[in-house]
Amino acid sequence: MISGQLRPDSVKRETRRRTVEEMNQLIQQRREKLKKLQEMGVNPYPYKFDRTHTSKQVKEHFEELENQEVRVAGRIMAHRRMGKAAFMHIQDMDGRIQIYLKKDMVGDFAWEVYRLLDIGDIIGVRGKVFKTRTGEITILVEEFELLAKSLRPLPIVKEKIEDGKRVVFDPFQDKELRYRQRYVDLIVNPEVREVFIKRSKIMTSMRNFLNNRGYLEVETPILQPIYGGASARPFVTHHNALDMKLYLRIANELYLKRLIVGGFEGVYEFAKDFRNEGMDRFHNPEFTQMELYVAYKDYYWMMELTETMISSIAQEVLGTMVITYQGQQIDLTPPWRRLPLFDAIKEFAGVDVSDADEEMLRKIAKDLNVEVEDGWGSGKIIDEIFGEYVEPNLVQPTFITDYPLEMSPLAKKHRNNPRLVERFEPIIAGKEIGNAFSELNDPIDQRERFEAQMELRAKGDEEAQVLDEDFLRALEYGMPPTAGLGVGIDRLTMLLTDQPSIRDVLLFPHMRPEK
RNA sequence: GGGCCCGUAGCUCAGCUGGUAGAGCAGCGGCCUUUUAAGCCGUUGGUCCCAGGUUCGAAUCCUGGCGGGCUCACCA
């Protein structure tokens, strides 16, 4: 027999947690009610309920539905008992509707069942639609059915409507609880639900935009033997059957470009990517990117597509191209400003770095009070100056273009300047929301770039990219000129829903394990 | 990882110049058949995040941990 000492801590903790919870009075009471209901012959978890309308439909079609019978289902969110009658609000996906229950209407047995209901229970009701004396559209219940007994108390939120606006009292706002128990957050905070409905609409809108242009949605590996397509550290896992190391993708770029080699002329993927790095307001270990590759196009063309796509998504989802993000008004109407990186630094930092070598750059950085590390190359230093002086100032949508070569091993050299690449990042509200280039399709150049990255890696840069021999082989077969784009879906959603943190646009943001 | 702040009832919070816990809402019991943050009367409920320490005595002070928020650094 396994001794107590060998039991995993998690099991012990779980046992203890349950014991503590079972002592919780509120849960105990609900379990008692559940038992009573079962003893009365009520199935607290029946199989289905046929509803005729949602709460919203009843309210919107009141004229036709007045005195008509409807069947509506939802979660009890408010309860006011008045002797032998009661008002409740039940909530469904569309909102809330009031129901009115009278003992003499439903009968003694149903009234006993009603007395065992709690806020949080899910019920279905049948009854006629009417308006109360105070003018609220309400269902006079003739019959109701318990659809799911709730055993845990909700963080109850009281609210009233004042001047047409919803005023909430003591809202459920503990961020940790809200993120850990998003289901509760969603029940109790309707504005949270709105954010995620918008997120879905944003993605649908983008997908339609791309499909309408004839691009093919594809799926590429998440488990990759060689990770590539971005500069970042990966999560590592192990495949047992093949006894090999696998990485969770940090990007899908190299796979999508293989598909361009294969003859698809426009491919895209909404990709969950994984990066083994710190977390903050703008970063979650797993995040979503839409990557798009289109053959025979360059980055100028991609800029137009980007501004058209983002602005039309805003128009479609929000009904306007002028948005407010954290108090700043932002106009997404195309065309967006195009600003080469060096010009931007000249404009905001007042220095010309276009001809500076690494040594000069270090001096410039020092003069600008930008901290740089010893191992950094000139591209990295420029990026740092940019991040410090320029980026926060770019509130209105701006394409920053033409990055230093060594920062972008997968981008094609600039047609007018071999030290630069044809790359742009759309920046809105001081944050990058994407990244794009004229894709490098010269296999020999690409090999050299990979080799340069491998040298950086050898020098200790853990984020330097890894040489992918199969990708090179693909390029050697020939890839047409191609424009590529990646858009951070989470950040775009933050922007379009005016949320300050990435965690507010992820249903289940990454958290440390509970206790 | 650094800095600042926070962790008390199911929820929102008070108590924190040390004397072992309180409010509102929710819950429970009672009155109330068009109320709506319903109301009125009564009432239950707490390993005060955890572990050490100081002290006659710790929710309160100290140390360490755990969890969270904001922020800086790195990145999308």
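Order of the sequence lines fixes the chain letters, A, B, ..., with proteins taken first and strands second; residue numbering starts at 1 for each chain.
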(request) Within residues 424-440 of chain A, find the residues that approach RNA chain B with a heavy atom at under 4.0 Å, and present them sorted by residue number. (result) K431(A), E432(A)
(request) Look at all strands and tell whether Y179(A) reaches a base, only sugar-phosphate, or nothing, counting heavy atoms closer than 4.0 Å. (result) sugar-phosphate
(request) Look at the side chain of E136(A) against the base of U34(B) and say whether a donor-acceptor pair falls under 3.5 Å; ignore hydrogens and angles. (result) no
(message) By nearest atom, which of the nucleotides A73(B), G68(B), C74(B) is closest to the E388(A) side chain?
(response) A73(B)
Distances under 3.5 Å between nitrogen or oxygen atoms of protein and nucleotides 38-42 of chain B:
| residue | atom | partner | partner atom | Å |
| --- | --- | --- | --- | --- |
| A38(B) | OP1 | K158(A) | NZ | 2.3 |
| A38(B) | OP2 | R80(A) | NH1 | 2.9 |
| A38(B) | N6 | R81(A) | O | 2.9 |

(request) Go along nucleotides 10-16 of chain B 5' to 3' and tag each nucleotide: B for a protein heavy atom under 4.0 Å from its base, S when only backbone or sugar atoms are that close, - otherwise. (result) BSSS---
(message) Which nucleotide wins on minimum distance to the side chain of K84(A), given the candidates U33(B), U36(B), A37(B)?
(response) U33(B)
(request) Please confirm whether any donor atom in the side chain of T134(A) sits under 3.5 Å from an acceptor in the base of U34(B), or the reverse. (result) no
(message) Check this for me: does the side-chain of D280(A) come within 3.5 Å of the base of C74(B) through a donor and an acceptor?
(response) yes
(request) Using Watson-Crick or G-U wobble geometry with both distances below 3.5 Å, tell me the partner of C31(B), or none. (result) G39(B)
(request) Examine H79(A) together with Y114(A) and report whether their ring centres are nearer than 6.0 Å. (result) yes
(request) Kindly confirm or rule out a cation-pi arrangement of K412(A) over F437(A), judged by NZ or CZ under 6.0 Å from the six-membered ring centre and within 45° of its axis? (result) no
(request) Write down the partner of C70(B) under the Watson-Crick or G-U wobble criteria, each distance required to be under 3.5 Å. (result) G3(B)
